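Quick caveat: nothing in here was measured; it's all calculated off a predicted structure. Below, chain A is the first sequence line, B the second, and so on; all start at residue 1.
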Number of protein chains: 2
Amino acid sequence: MKYTDLSVSVNPMKKTADINDIPPARRLLNTASRLFYAEGIHAVGIDRIIAEAGVAKATFYKHFPSKDDLVVAHIEEQDRAGRAYVAALPAQPPREMIAAILGRIGNAASDADYRGCVFLNAAAEYPERASPVRQAIDARRAWYRDTLQKLCAASGDPSPEMTAGLLVALSDGLLEGGYLDDPAKIPSLIEAALAKLLPNT
Amino acid sequence: MKYTDLSVSVNPMKKTADINDIPPARRLLNTASRLFYAEGIHAVGIDRIIAEAGVAKATFYKHFPSKDDLVVAHIEEQDRAGRAYVAALPAQPPREMIAAILGRIGNAASDADYRGCVFLNAAAEYPERASPVRQAIDARRAWYRDTLQKLCAASGDPSPEMTAGLLVALSDGLLEGGYLDDPAKIPSLIEAALAKLLPNT
DNA sequence: CAATTGGCAGACAGACCTGTCTGTTCATGA
DNA sequence: TCATGAACAGACAGGTCTGTCTGCCAATTG
């Protein structure tokens, strides 16, 4: 699973105004992330990705040994974005921290192109628990659960593991509800859920 | 969307002991449901389904005009199973009714072949909101939400719509958690969630 | 008995899939 | 100036996809 390092995003302020100055591996990953999320992973072929990214096929297979490697890179990219969001939150009490983290769900669901949770959608297409894709998803979920559990513990919750489990389930459910039902209702549902699940302030 | 009527399941007590006595349309749907759920919809081709069902290709296309019709039949079949489960529940107070309905999640997740929510998994593969598949999923979700909301109202909940929304999100999230995380934790999470979300007994 | 019906078997078309390979162009650096 | 490496364009192989079609067989029905 070795491919071109993509952990550093392209800084648009660099004098790479020309789209073609963005390196091919980055262009491929950006295009793939967009298409995979919008249409599903199995539904999008390599030919489509390289065409929209403007990259030759041989170049693609040089940077990503297989399509699955690209999928894993896509999952890890989205995972990085989520962790960066949390890392960038201003310091605040645990309960407000949790509310801010959950609040991201409402923001995401309000997007016109919102199509549910990247990780749940991908997991639906990868039944093999041992597959690299599923392992990347597991790593994401473990981090998310752990982050919430630590915050619960810090807030004085007597059963942080249970509460974190409920918050994870709520997050998953609201992410899917924002896709399949009415996204506009998500924020008030989050508010109501936090009021009932977290120890009173 | 007209195909052979499948609303009546085959009664195994009928003297159709020979597997081949089960009508082809039913054999196809049973096989497709199993494969679609286990491996994903786009990942399973018609050739595979007809081979495992022991049905000729022409016969398949006689009963189901296209693969999507089969997918819709699969979704509707699972929807029927869920509604039948609720309809068969013994009469009991609203709160116990809700607990029994949510309890089905724990039962399902404990199955060794459990692979998450049929409807959420399918929705992940069908981005078009107007597609027949998504419409069948919408109908299912509307019924589920409505069922819970009526029970909440009957239990004297002052805001049944909000509570039902939370219960739907919880259901979705626990169904996914039972797939991706630890299924054994689902029952206690359900219990804890009901204690916190429903008005005290 | 004869005709109809329903299902089986499998070839076929045309598109798309992943992944490999050949050969060309172009920029950079020795 | 020339060599190297990266990316481009695109053919190709081998397989799978959906959906159509032809032909055969067996059971049922008039």
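Rounded to a whole Å, the CD1 atom of A:I50 is 10 Å from the C1' atom of D:dC8. Summarising the geometry, the separation between OH on B:Y61 and C1' on C:dC8 is reported as 17 Å, rounded to the nearest angstrom. Put simply, NE2 on B:H63 is 8 Å from C1' on C:dG6, counting in whole angstrom units. Here D:dC8 presents its C1' atom at 18 Å from CD of A:E52, a figure rounded to the nearest Å. Summarising the geometry, the separation between CG on A:D68 and C1' on C:dT18 is reported as 11 Å, rounded to the nearest angstrom. Rounded to whole angstrom, the span from the CZ atom of A:R27 across to the C1' atom of D:dA7 amounts to 9 Å. Remark: P of C:dC17 and CG of A:L70 are 14 Å apart, rounded to the nearest angstrom. Atom P of nucleotide C:dG6 and atom CG of B:L28 are separated by 16 Å, given to the nearest angstrom.
Across D:dG19, C:dG19, C:dC8, the shortest atom-to-atom separation from the side chain of B:V55 is found for C:dC8.
Under a 4.0 Å N-O distance rule, the pair A:D181/A:K185 does not qualify as a salt bridge. Using a cutoff of 4.0 Å between basic side-chain nitrogens and carboxylate oxygens, B:E39 and B:R48 are scored as salt-bridged. Salt-bridge check for A:D47 with A:K57: passed, with a basic side-chain N closer than 4.0 Å to an acidic carboxylate O. A salt bridge between A:R145 and A:E161 is absent, with no side-chain N of the basic residue lying under 4.0 Å from a carboxylate O of the acidic one.
Between the side chain of B:K67 and the base of D:dG19, no donor-acceptor pair of N or O atoms lies under 3.5 Å. Not a single donor-acceptor pair, N or O on each side, falls under 3.5 Å between the base of C:dG10 and the side chain of B:K57.
Across residues 33-42 of chain A, not one residue has a non-hydrogen atom less than 4.0 Å from an atom of DNA chain C.
Nearest heavy-atom pair, B:E76 versus B:A136, reported as atom, atom and distance to 0.1 Å: CG-CB, 4.4 Å. Nearest heavy atoms, B:Y114 versus B:Y179: CE2-N, 3.6 Å.
In terms of position on DNA chain C, the residue among A:D47 and B:A58 whose nearest nucleotide sits closer to the 5' end is B:A58.
Sequence neighbours left out, the pairs with a member in residues 116-132 of chain A that pass side-chain hydrogen bond (donor to acceptor under 3.5 Å, both in side chains) are A:D68-A:Y126.
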